[in-house]
Amino acid sequence: MLSAAHRMRRGDEFAEAIRRGRRAGRPALVAHFSVRDVDEPPLVGFVVSRAVGGAVVRNKVRRRLRHLMRSRVHSLPRGSLLVVRANPPAASARNELLAAELDVALERLLRRRGSGS
RNA sequence: CGAGCCGGCCGGACGGCCGCGUCAGGGCGCUUCGCGUCCUGCCGAGGAAGGUCCGGGCUCCACAGGGCAGGGUGGUCGGUAACGCCGACCCGGGGUGACCCGCGGGAAAGUGCCACAGAGAGCAGACCGCCCCUCCUCGGAGGGGUAAGGGUGAAAGGGUGGUGUAAGAGACCACCAGCGCCCACGGCGACGUGGGCGGCUAGGCAAACCCCACCCGGAGCAAGGUCAAGAAGGGGUGUUUCCGUCUGGAAGCACCCCGCGCACGGCGUUCGAGGGCGGCCCGCCCGAGUCGUGCGGGUAGACCGCUUGAGGCCACGAGCAAUCGUGGUCCUAGAUGGAUGGCCGUCGGUCUGUGGAGCAACCCUCCACAGACGCACAAAACCCGGCCUACAGGCCGACUCGUCCG
RNA sequence: GGUCCUGUAGAGCAGCUUGGAGUGCUCGCCACCCUGUCAAGGUGGAGGUCGCGGGUUCAAGUCCCGUCAGGACCG
């Protein structure tokens, strides 16, 4: 479970990551990523729409994603804004699949940034 | 043993590791309050938390009075904070029965509707038929009577038998059904039972308008409050001083109320816009601005409300019951981008397969082994009481019917 | 938290007011005609649990109650 320091809470932070950040899509999830020029811990937010399922399903999807992010936050640079949006397939996906897709998405976002733009 | 019916309850159990949230304690850091961080400990979703169909608590706003709308409920009595909920009973319907179902007031206040078919469908109605009379080319035609029979329809204006008649008819009579009124008895009451009288008979629909009785102010925890932040002021009341002195004016202080700017347009200041008044009107009070559209600007942080309550459990008592009273005992989520996740073990469960046993036999039951499946419906968001809906599987109790045995 | 709308043929709709044989519109579909062929056009035809369950009524797509799904708006 992700600690409180890394939780994205403000609406404008979500808006910045989604509107101005890079995006990497997978069948089960979409990741939005941007970096602010501030010396703060990386923030991670989750978006699970009603299309994914009922309240129980949505809660569980968000908690599983948050758990998977726990071991991956350290790879994000300081000042990062990351929003993970879940798609309907995430509801029935097993954890290994969810983790694999999350890794692919993160790897793409970070590599693209590293190669310079 | 097999069918069934009603009620109550459970909603996997135990444990390990890593995390998350509230609270408590402790350590460390920063500039004190406080905040951040780390450690330890307690606790951490439901029977429906759901749908939002009702009823309340709570909070704010409104509330002289009258009238008209609007919405809801609909047998009686009781229970309750209240209800459209619950209980008991009554009536009607269903079932062999336990029991179940019912928006269950009024159709002789009024209006309206009853398609098609049919002769006729709402102060009834002669198509066929039956009877009488007249005419006649002896096939029939015309006129009249008749609601017993046929036919149509969801529904055709009581039923059976008799008297009667040209044929018939509540025209008359007996019994029955049903209606209205009266009386007696039982019941708090809905109503039931019995008796008498009346006229011979009255269609259905109010989940059509409507009538009757009763109930209902509006908004909702994003209520509401405190602090912070934010553009510039305006008004009222009281009081003091001064001017003035019939009314009044100016300044200071205190308290209270309202309030961002610009542009365009509507209405309005004798004829009264608008507000109090948030359904509308009258009426009363205040009253010179107010309403709409567009553009621009500001805020969108923290804390309180926030969980002890018509509360749960147990015992006794009252009551057929719903429920209530008394005593004891317990305190068990409070998040705010929203806390329950991940990995694993043992047992339980479900499914599949194999073997064995019970049995006349099995697709039934039980036992053992192996494999698969994390395994019903679904998650608090101010709090309660109900209703409705979803739900794998299981437990307990009362009762009914059938079969067999005693 | 509050308020409202929709569900009818493969698709989009009308019909609900004031109940009376599921009636109809546009596109699509099928067959035939037209053409050397296709399209367009013409003729004919098929296609319906009226979201679901219950009730009122002689009779329900229509009225009433419940329920499910989808959608919109306000704070």
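Quick note on labels: first sequence line is chain A, next is B, and so on, each numbered from 1. Just so we're clear, the structure is a prediction, and the values are computed from it rather than from any experiment.
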Interatomic distance at P, C:G53 relative to C:U17, whole Å: 22 Å

Could you walk me through whether A:M8 and A:V44 pass the side-chain contact (heavy atoms from CB on, under 4.5 Å) test, one step at a time? CA-CA 5 Å; A:M8 189 180 292; A:V44 183; 6.0 Å; no

Any strand is fair game: report the nucleotide pairing with C:A60 by Watson-Crick or G-U wobble, both distances under 3.5 Å, or none. none

Which is it for A:L29 and A:N87 under the side-chain contact (heavy atoms from CB on, under 4.5 Å) test, yes or no, and what are the steps along the way? CA-CA 5 Å; A:L29 54 87; A:N87 287 335; 5.6 Å; no

Please report the distance separating the P of B:G312 from the corresponding atom of B:C9, rounded so that it comes out in whole Å. 13 Å

A:R63 side chain near B:A339 phosphate (N/O to OP1/OP2, under 4.0 Å): yes

For B:A372, the nucleotide meeting Watson-Crick or G-U wobble distances (both under 3.5 Å) is B:U350

Would you kindly compare A:V83 and A:E96 by the position of their nearest RNA chain B nucleotide and give the one closer to the 5′ end? A:V83

Same-atom distance (C1') from B:C103 to B:C6, integer angstrom: 26 Å

Can you check whether A:R78 reaches A:P41 side chain to side chain, under 4.5 Å on heavy atoms? yes

Mind calculating the distance between CE (A:M69) and C1' (B:C18) to the nearest angstrom? 18 Å

Rounded to whole angstrom units, what separation is found between the CZ atom of A:R70 and the P atom of B:G21? 11 Å

Look through every strand shown and name the nucleotide pairing with C:C32 as Watson-Crick or G-U wobble, where both distances are under 3.5 Å. C:G42

Closest to the A:V56 side chain, choosing from B:G338, B:A378, B:G342: B:A378

Contact class for A:V47 vs. all strands (heavy atom < 4.0 Å): base, sugar-phosphate, or nothing? base

Which is it for B:U307, anti or syn, if anything within 90° of zero counts as syn? syn

Any strand counts, and the cut-off is 3.5 Å on both contacts for Watson-Crick or G-U wobble. Which nucleotide pairs with B:A98? none

A:F46/A:M69 under side-chain contact (heavy atoms from CB on, under 4.5 Å): CA gap, chis, key distance, verdict: CA-CA 10 Å; A:F46 302 91; A:M69 277 312 297; 3.9 Å; yes

How many whole angstroms separate atom CZ of A:R7 from atom C1' of B:G19? 11 Å

What integer number of Å spans the C1' atoms of B:A381 and B:A333? 11 Å

Base of B:G168 relative to its sugar, syn (within 90° of 0) or anti? anti

CG of A:N59 versus P of B:A335: gap in Å, rounded? 16 Å

Write down the distance between CG (A:L97) and P (B:G342), rounded to a whole number of angstrom. 15 Å

Under the side-chain contact (heavy atoms from CB on, under 4.5 Å) criterion, do A:V84 and A:H32 qualify, and how do the steps go? CA-CA 6 Å; A:V84 179; A:H32 301 264; over 6 Å; no

Base-pairing mate for B:C262 - Watson-Crick or G-U, with both contacts under 3.5 Å: B:G294

For B:A273, measure the glycosidic angle (O4'-C1'-N9-C4 for a purine, O4'-C1'-N1-C2 for a pyrimidine) and name it syn if it falls within 90° of 0, otherwise anti. anti

Considering Watson-Crick and G-U wobble pairs with both distances under 3.5 Å, what does C:U49 pair with? none

Any A:R58 side-chain N or O less than 4.0 Å from OP1/OP2 of B:G338: no

Taking atom P of B:A335 as reference, at what distance in whole Å does atom CZ of A:R66 sit? 15 Å

Give the rounded distance in Å between these two atoms: CE of A:M8 and P of B:G337. 13 Å

B:C267 -> Watson-Crick or G-U wobble partner, both distances under 3.5 Å, gives B:G289

With P as the reference atom in both, quote the distance from B:U340 to B:G230 in angstrom, rounded to an integer. 39 Å

Less than 4.5 Å apart, side chain to side chain, heavy atoms only: is that true for A:N59 and A:R62? yes

If only atom types and distance count, is the side chain of A:E101 paired as donor or acceptor with the main-chain N or O of A:R26 below 3.5 Å? no

Anti or syn - B:A231, cut at 90° from 0: syn

Interatomic distance at C1', C:C29 relative to C:A72, whole Å: 34 Å

Rounded C1' spacing from B:G275 to B:C61 in Å: 15 Å

Glycosidic class, syn or anti, of B:G139 using a 90° window around 0: syn

If we call it a pair only when both distances are under 3.5 Å in a Watson-Crick or G-U wobble match, what pairs with B:C23? B:G41

Restricting to non-hydrogen atoms, name the atom on A:A28 and the atom on A:A90 that form the minimum distance, rounded to 0.1 Å. O-CB, 3.5 Å

Using atom P in both nucleotides, what's the gap between B:A154 and B:U146 to the nearest angstrom? 31 Å

If each of A:R94 and A:R64 is mapped to the nucleotide of RNA chain B with the nearest heavy atom, which maps nearer the 5' terminus, i.e. the 5' end? A:R64

Measure the distance from CZ on A:R62 to P on B:A335 and round it to the nearest whole Å. 16 Å

